[in-house]
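In what follows, a structure is listed as structure tokens, so that the remarks can point back to it.
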Amino acid sequence: MIPAVLDRVNAEPMLANTRTWAAINSGTRNLTGLSAMASALADVFSALPGEVSLIDPHSAESVGADGKVSAIEHGRHLVVRVRTEAPVRMLFTGHMDTVYPVDHPFQMLAEVDSNTVNGPGVADMKGGLALMLAALKAVEVSPLAARIGYDVMINSDEETGSFSSAALIAELARGKVAALTYEPALPDGTLAGARGGTGNFSIVVHGKSAHAGRNPDDGRNAIVAASDLAVRLFAAKKEGLAVNPARIEGGGPNNVVPDLAILRVNFRPSSPDAIASAQAAIDHAVAAVTTDRDVRIDVHGGFNRPPKPIDDGAAKLFALVRDAGADLGLDIGWKATGGVCDGNNIAAAGVPVVDTMGARGGAIHSAEEFLLIDSLPERAALSALTVLKIAEQGGL
């Protein structure tokens, strides 16, 4: 089985696909680029024996610098359904968007050395998409393929929280025995194990304007109230709960008491109890500042990605990946991380998931992002063998 898998993945144009897709700017807000990327992916994923669909995004909202809530447009999401009648089914997910907008200076690919390519999205995660496809094509030529079915979901908004695809992820996760997601592994091959959660909030403070010299006491300074709120929320940080007040927007001329401010704040809870603690801190701080500063406060946002522990099911899947790696001569390890991804969403649906099955690489979300080329066939083989083991034993 292993020689056949290696021969198949080595024949796939993973590096060429990665280069082609990385040359397409698909920043989350670049709808034209995302459309081009979705079309390119639909073409190549049609090689799988399933139905390929482009799914319209669910509605999502954002709070602007003016404090108003408006809808955000997203690209369509790719879904491939293979052998929907199979008793054992898996989910494979990735994302087509990157963090680099269309006007970002980082747009070109460059050779660092014979095994390293630098470019936007090469590791996160266009290389991952390329090896995911190669792995699934390797599975399809195995006699074991008939024993297992699967769905593939590649969304257009992972980098900004998957707000328009979260419901789709939950729907596709239903009934799956396991899931693999193609975020990049660390350069040494280490996988992400347990993950914390995340919550993002835009808190709009409505004060009252007044002349800063003639009658300042008639005003209610929204910037001061937002700052008070930021300090109170920051004081809620503790072991297992990080709090980052990231930005305050608002204000105007120096001679006007500002009547509007927006506080952007991020929470990183490590457990459901930490989420409850954070929510209580928000409620308490908002109530106190509303009273003390005589302002009105509207809270927008929530905890969109819950923590992802390694439970019994996840432990079994990690062990199976480790065993597949050992068969390939790879030493597979993992460690906890504070980062989040769609693996959090999948785990919240009750499905075991390993979410760093992508290429080895690093410096993601920066102009130094790189991909280690030899990891493409290596990690494609790891995925294919993991899937075939699940097919062979009829689940985890």
Side-chain angles (χ1 to χ4, degrees), residues 9 12-48 52 54 74-80 92-102 104 106-112 115-137 152-160 162 165 180-187 339 341-343 355-380 382-383:
V9 298
E12 289 298 316
M14 288 177 280
L15 181 57
N17 282 340
T18 301
R19 291 181 183 278
T20 297
W21 299 337
I24 301 172
N25 179 283
S26 56
T28 313
R29 299 287 177 251
N30 180 8
L31 298 184
T32 300
L34 287 168
S35 178
M37 189 68 196
S39 295
L41 292 172
D43 285 345
V44 294
F45 274 83
S46 66
L48 299 175
V52 179
L54 290 174
H74 288 98
R76 292 190 291 176
H77 313 303
L78 177 76
V79 173
V80 186
F92 301 90
T93 72
H95 60 86
M96 68 182 78
D97 63 324
T98 72
V99 299
Y100 309 105
V102 69
H104 195 284
F106 184 43
Q107 303 286 346
M108 303 295 292
L109 281 77
E111 303 293 331
V112 178
N115 192 46
T116 311
V117 61
N118 160 249
V122 289
D124 187 21
M125 64 166 41
K126 292 176 180 180
L129 298 179
L131 72 86
M132 178 214 289
L133 176 61
L136 292 175
K137 290 173 75 173
V152 175
M153 190 285 306
I154 302 175
N155 55 1
S156 68
D157 66 340
E158 190 278 338
E159 294 291 8
T160 54
S162 300
S165 59
L180 301 177
T181 295
Y182 289 81
E183 296 292 342
L186 293 177
C341 71
D342 286 337
D355 54 32
T356 39
M357 295 294 287
R360 289 186 285 112
I364 62 173
H365 296 193
S366 81
E368 285 72 49
E369 179 176 352
F370 68 90
L371 162 75
L372 296 175
I373 296 169
D374 64 355
S375 71
L376 293 172
E378 170 194 292
R379 296 286 146 156
L382 178 65
S383 273

Treating Gln107 as the side-chain partner and Asn25 as the backbone partner, does any N or O pair qualify as donor plus acceptor under 3.5 Å?
no

Shortest non-hydrogen contact from Gly127 to Leu376?
O-CD2, 3.6 Å

If every non-hydrogen atom of Lys126 is compared with every non-hydrogen atom of Trp21, which pair is closest and at what distance?
NZ-O, 2.9 Å

For Ser366, side-chain contact (heavy atoms from CB on, under 4.5 Å) partners two or more places apart
Ala363, Glu368

Between the OG1 atom in Thr116 and the CD1 atom in Ile373, the distance rounded to the nearest 0.5 Å is 6.5 Å

Nearest atoms (heavy-atom pairs only) where Leu371 meets Ala123
CB-N, 4.4 Å

So do the side chains of Phe45 and Leu133 get within less than 4.5 Å of each other, counting heavy atoms only?
yes

Are the side chains of Phe92 and Ser383 in touch, meaning some heavy atoms are under 4.5 Å apart?
no

Tell me, with the steps shown, if Tyr182 and Ile154 meet side-chain contact (heavy atoms from CB on, under 4.5 Å).
CA-CA 10 Å; Tyr182 289 81; Ile154 302 175; over 6 Å; no

Donor-acceptor contact present, side-chain Asp97 to main-chain Leu34, <3.5 Å:
no

Modelled atom types, side-chain donor and acceptor of Asp342 and Ser162, under 3.5 Å
yes

Determine whether a donor-acceptor pair (N or O, by modelled atom type, separation under 3.5 Å) exists between the side chain of Glu369 and the backbone of Pro120.
no

Measuring from atom CG of Asn155 to atom OG1 of Thr160, what distance do you get when rounded to the nearest 0.5 angstrom?
9.0 Å

Shortest non-hydrogen pair, Ser165 vs His77, comes out as CB-NE2, 3.5 Å

Nearest heavy atoms of Leu54 and Ala38, plus distance in Å
CD2-CB, 3.9 Å

Quick one: list whatever passes salt bridge (Lys or Arg N to Asp or Glu O under 4.0 Å) with Arg19, sequence neighbours left out.
Glu111

Mind checking what makes salt bridge (Lys or Arg N to Asp or Glu O under 4.0 Å) contact with Asp355, not counting sequence neighbours?
Arg195, Lys308

Is it true that a side-chain atom of Glu158 and a backbone atom of Cys341 form a donor plus acceptor pair closer than 3.5 Å?
no

From OG1 (Thr98) to CE (Met125), nearest 0.5 Å
12.0 Å

Taking all atoms of both residues into account, what is the closest heavy-atom pair of Leu131 and Ala359, and its distance?
CD2-N, 3.4 Å

How long is the gap from NE2 on His95 to CG on Leu129, to the nearest 0.5 Å?
7.5 Å

What distance separates Met37 CE from Thr20 OG1, expressed to the nearest 0.5 Å?
9.5 Å

Per the side-chain contact (heavy atoms from CB on, under 4.5 Å) rule, which among Asp124, Thr356, Leu372 passes with Pro184?
Asp124

Between the CE atom in Met357 and the CE atom in Met132, the distance rounded to the nearest 0.5 Å is 10.5 Å

Kindly say whether Met96 contributes a backbone atom to a donor-acceptor pair with the side chain of Ser26 at under 3.5 angstrom?
yes

Asp374 side chain to Asn115 backbone, donor-acceptor under 3.5 Å:
no

